[in-house]
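Convention: sequence-line order gives letters A, B, ...; per-chain numbering from 1.
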Number of protein chains: 4
Amino acid sequence: MTDERTANDQSPWMPFENRRRARDEKREAVLRMAVQVFLEQGYHRATLNEVAERLNITKPALYNYFRSKDEILFECWALGQEQVDDLIAVINRSRQSGLGKLRALVHAYAETMATDFGASLVRFDPRDLKPHNAEKVRAAKRGIDLTFRRYIAEGIADGSIKPCDPKLAAFAIAGSLNWIGHWYQRGGSLTPDAIADEFAIRLTDGLARRSVKKASAEAAPAPRTRKPTKGENR
Amino acid sequence: MTDERTANDQSPWMPFENRRRARDEKREAVLRMAVQVFLEQGYHRATLNEVAERLNITKPALYNYFRSKDEILFECWALGQEQVDDLIAVINRSRQSGLGKLRALVHAYAETMATDFGASLVRFDPRDLKPHNAEKVRAAKRGIDLTFRRYIAEGIADGSIKPCDPKLAAFAIAGSLNWIGHWYQRGGSLTPDAIADEFAIRLTDGLARRSVKKASAEAAPAPRTRKPTKGENR
Amino acid sequence: MTDERTANDQSPWMPFENRRRARDEKREAVLRMAVQVFLEQGYHRATLNEVAERLNITKPALYNYFRSKDEILFECWALGQEQVDDLIAVINRSRQSGLGKLRALVHAYAETMATDFGASLVRFDPRDLKPHNAEKVRAAKRGIDLTFRRYIAEGIADGSIKPCDPKLAAFAIAGSLNWIGHWYQRGGSLTPDAIADEFAIRLTDGLARRSVKKASAEAAPAPRTRKPTKGENR
Amino acid sequence: MTDERTANDQSPWMPFENRRRARDEKREAVLRMAVQVFLEQGYHRATLNEVAERLNITKPALYNYFRSKDEILFECWALGQEQVDDLIAVINRSRQSGLGKLRALVHAYAETMATDFGASLVRFDPRDLKPHNAEKVRAAKRGIDLTFRRYIAEGIADGSIKPCDPKLAAFAIAGSLNWIGHWYQRGGSLTPDAIADEFAIRLTDGLARRSVKKASAEAAPAPRTRKPTKGENR
DNA sequence: AATGAATGAGCCTTCATTCAT
DNA sequence: TATGAATGAAGGCTCATTCAT
């Protein structure tokens with residue numbers, strides 16, 4: 001896999017092929033390959049040469065699309081951030097209790113962490129960026145954190161969540177989720193969806209005024225509201 | 001602050017001063033300064049020159065104590081790992097339920113994460129080490145993970161922990177804790193102890209067959225067995 | 001002299017000039033300059049900076065053509081070795097007595113020793129090479145030695161050379177020739193050709209069953225037996 | 001052998017032993033070890049640390065006896081040169097034909113080349129010395145060369161050697177001999193004496209007006225049928 | 001748009017040498 | 001005399017970035 005690479009699947013510069021696709025398509029292809037290489041080897045060990053070669057182009061060609069290595073890094077991050085922004089926007093528009101929103105966020109965020117661009121949100125180091133961009137990243141991180149806190153605070157207010165310190169609770173939950181970006185390996189025994197399901201329960205159950213099981217249990221019928229996570233109790 | 005540095009507090013090579021302290025003391029001083037610089041700037045951006053200068057010595061002098069930059073990195077990690085090993089050993093020797101051990105581990109591990117050497121366990125990248133050492137690191141990480149899982153499994157067996165998937169539960173808890181190493185800043189509003197207290201409850205409450213409060217509540221009087229965490233409800 | 005250098009004569013990177021010559025031409029130009037600098041200053045004292053500067057380029061530019069300093073050293077050697085291989089191949093194809101071949105080899109080898117690449121065969125130290133290449137060098141040296149011995153043995157067999165120990169005789173002759181690489185200075189009073197002529201006679205006359213002069217003078221039978229040298233006929 | 005080293009045989013700084021031997025003895029011990037290391041690894045690759053360690057002392061201790069690495073190199077050379085000077089002095093005082101002297105020189109020089117200090121005469125690079133010493137070396141080399149030429153010229157004058165160009169003949173002979181310093185390995189199949197014997201004949205036979213055998217044969221009584229033993233006439 | 005070639009900047013590492021003890 | 005510790009000097013190598021084509 002490392003040798004064949006996935007160049008054939010991803011590169012718009014197919015050798016001996018038409019090279020007329022749109023500029024943005026190529027730009028994105030660079031980002032997809034770059035994020036992969038950066039995650040695989042680490043930003044500093046990864047060279048633009050490696051990125052370029054896997055795309056069947058040469059290093060200077062990258063400079064047609066990006067001004068610098070750190071700009072590529074930033075754009076990778078930005079794509080991941082966009083996903084999170086969208087996902088938060090959707091949840092914000094939904095009508096749910098604080099706990100519901102929190103769970104939705106945990107689930108969606110967990111899934112995002114299992115993607116390359118999602119992982120780039122937590123695996124890349126803002127200090128590698130120009131101050132200008134580093135600040136954007138930090139602001140966005142703060143934004144996500146605040147979202148977690150807000151959902152928790154909402155939950156406390158609407159009674160769906162037990163009183164607690166939203167700040168630390170948010171840290172705990174976000175930490176768990178962010179860590180997924182560090183250990184998740186595509187092709188492992190756990191699917192992103194399974195992980196997301198499990199985390200959505202696990203991380204919020206302690207906060208819920210009524211735990212999932214109890215809630216459903218008390219609510220009489222509904223023997224099981226949640227499907228058993230693959231591998232549970234294994 | 002960058003200029004004054006904290007050299008005066010940490011360096012055994014006080015300029016124009018006695019230089020007779022023991023070799024091991026100096027070796028450790030190098031590590032303390034190195035881990036600080038590495039955490040502050042990131043391993044790749046940090047230069048040995050910077051480390052040396054802050055110690056009032058020159059770069060080659062470092063080579064009296066270490067063979068290479070990556071060996072320094074490894075030794076930093078090793079010091080952190082030692083802390084964790086010790087801490088696990090103590091807990092292993094204790095007579096507690098699985099849940100008790102888990103909470104003890106969470107608490108101690110959280111505190112460790114708030115130290116430089118502790119943070120180095122999760123902020124440094126094993127890929128920067130020589131394969132030889134990288135393997136040691138990976139093995140140790142596996143060891144910690146297994147410890148978390150073991151305590152959970154014990155807890156399930158002894159009834160102190162609700163049935164769950166020990167693997168994912170361990171990931172969730174360890175993730176939360178590891179993340180502390182990324183966000184904790186000395187001098188912030190939260191003390192390591194406060195964080196540890198909170199996390200020890202927060203991360204295990206969802207797992208406990210009986211939550212802290214409920215347990216104490218049901219246990220008749222004993223309105224509260226745990227001290228209010230500093231800053232709780234803040 | 002050090003300042004003017006001979007850059008103008010040898011460098012394809014003429015400053016402010018066309019820079020379009022072929023890559024191989026440049027690669028070779030690097031080798032020509034490198035062998036010169038290495039011989040002039042010795043491999044260890046010579047720096048790549050010096051080589052580059054004389055070529056009107058910068059040090060890293062050399063890495064476009066070679067992977068490391070020792071690879072350059074090896075390639076210099078290889079070019080000299082090629083010359084010798086060619087020269088041996090020609091002699092091997094010729095129809096001559098063993099003595100004839102030996103003389104031809106001595107002559108051609110002597111001339112080679114008076115060239116930069118030829119001298120590099122004996123002035124460079126294989127221990128400066130990577131084991132991989134060092135082994136190639138050693139093997140090639142053995143090959144040359146064996147060629148000398150073979151010609152001598154052939155000569156003994158065909159009667160053109162007096163019985164003697166081919167091994168030591170080869171050492172003696174090759175030593176004389178190799179030493180040329182150490183003392184020959186371009187621009188001295190002796191031309192390579194004159195040296196080669198003289199050595200071809202001098203080094204083989206003692207071996208010839210009939211010396212050059214005697215053979216032509218006496219032009220007669222005059223068989224002679226001499227006692228075999230210790231170790232001869234081994 | 002490399003591991004045990006020969007420290008125990010050569011070092012006056014035997015650990016846990018009396019350390020009171022004379023300064024000059026130590027100085028010489030350093031030189032004996034240094035020349036060995038320098039020959040074994042090459043002057044530049046060899047470090048003073050290595051030399052010191054093999055002597056069971058530390059690097060700075062060497063500076064009690066020598067001012068610099070290159071001074072050590074020079075002294076090694078000087079010791080070898082002394083041997084050659086002595087040997088030439090003896091031959092100069094002897095009453096022999098030019099050919100006789102030449103043969104004696106060849107024999108003795110060949111044997112010297114098989115010693116460490118002798119090899120240092122031809123394996124070390126004067127350019128590694130300070131100009132001051134380098135000049136001494138060059139002068140001495142010229143001296144040796146002139147001695148060869150002188151003996152040859154004497155031989156031509158006294159009729160023991162065929163007319164020839166003394167300069168080139170000297171180069172040829174000295175080259176052969178010098179090369180011994182490059183290929184001779186202690187413990188090989190050839191003893192220094194055997195090599196010297198063979199070279200004394202081989203290298204001069206071509207020059208002799210009458211070859212060894214012829215001379216003895218024609219000279220009727222054959223006062224000496226046996227080769228002159230090593231050091232004979234010395 | 002793409003490339004081959006080149007550069008500038010910088011860092012790790014080595015080692016002879018010095019210094020205080 | 002010997003040593004541990006430290007330094008200064010230097011060189012090889014890497015790589016992001018630029019330039020001319």
Partners passing side chain to side chain donor-acceptor pair (under 3.5 Å) against R138(D) (at least two apart in sequence or in another chain): none
Atom CD of E53(C) and atom C1' of dT7(E): how far apart are they, to the nearest Å? 14 Å
Taking only distance into account, with no hydrogens and no angle test, what donor-acceptor pairs under 3.5 Å do side-chain atoms of residues 71-79 of chain B form with protein atoms, sequence neighbours excluded?
{"from": "E71(B)", "atom 1": "OE1", "to": "R67(B)", "atom 2": "NE", "distance (Å)": "3.3"}

In whole angstrom, what separates L62(A)'s CG from dT17(F)'s P? 10 Å
To the nearest angstrom, the OH-P distance between Y65(C) and dC13(F) comes to 17 Å
Partners meeting side chain to side chain donor-acceptor pair (under 3.5 Å) with Q41(B) (sequence neighbours left out): none
Is there a donor-acceptor pair closer than 3.5 Å between any side-chain N or O of R127(A) and the backbone N or O of E40(B)? yes
Quickly work out the N64(B) CG to dT17(E) C1' distance and round it to whole Å. 14 Å
Contacts of S68(C) that satisfy side chain to side chain donor-acceptor pair (under 3.5 Å) - sequence neighbours left out: D70(C)
Can you find a pair of side-chain heavy atoms, one from L129(A) and one from F124(A), that are under 4.5 Å apart? no
Rounding to an integer number of Å, can you tell me how far I57(C) CD1 sits from dC19(F) P? 19 Å
Sequence neighbours excluded, the answer for ring-ring contact (aromatic ring centres under 6.0 Å, His included) partners of Y43(A) is F38(A)
With a 4.5 Å heavy-atom cut-off, do L31(C) and F117(C) have their side chains touching? yes
Whole-Å distance separating the CG atom of N56(A) from the P atom of dA1(E): 19 Å
Using a 3.5 Å cut-off on both pairing distances, which stems of three or more Watson-Crick or G-U pairs include DNA chain E? E:2-21 with F:2-21
Base versus backbone protein contacts along nucleotides 8-13 of chain E [heavy-atom cut-off under 4.0 Å; B, S, -]: BB-SBB
CG of L73(A) versus C1' of dA16(F): gap in Å, rounded? 14 Å
Nearest-Å distance, CZ (F66(A)) to C1' (dA2(E))? 16 Å
Please state whether the phosphate of dA6(F), meaning OP1 or OP2, lies under 4.0 angstrom from any side-chain nitrogen or oxygen of K26(B). yes
Mind checking what makes side-chain contact (heavy atoms from CB on, under 4.5 Å) contact with D116(A), not counting sequence neighbours? V35(A), Q36(A), L39(A), R186(A)
Is R23(C) near enough to dG4(E) that one of its side-chain N or O atoms lies under 4.0 angstrom from OP1 or OP2? no
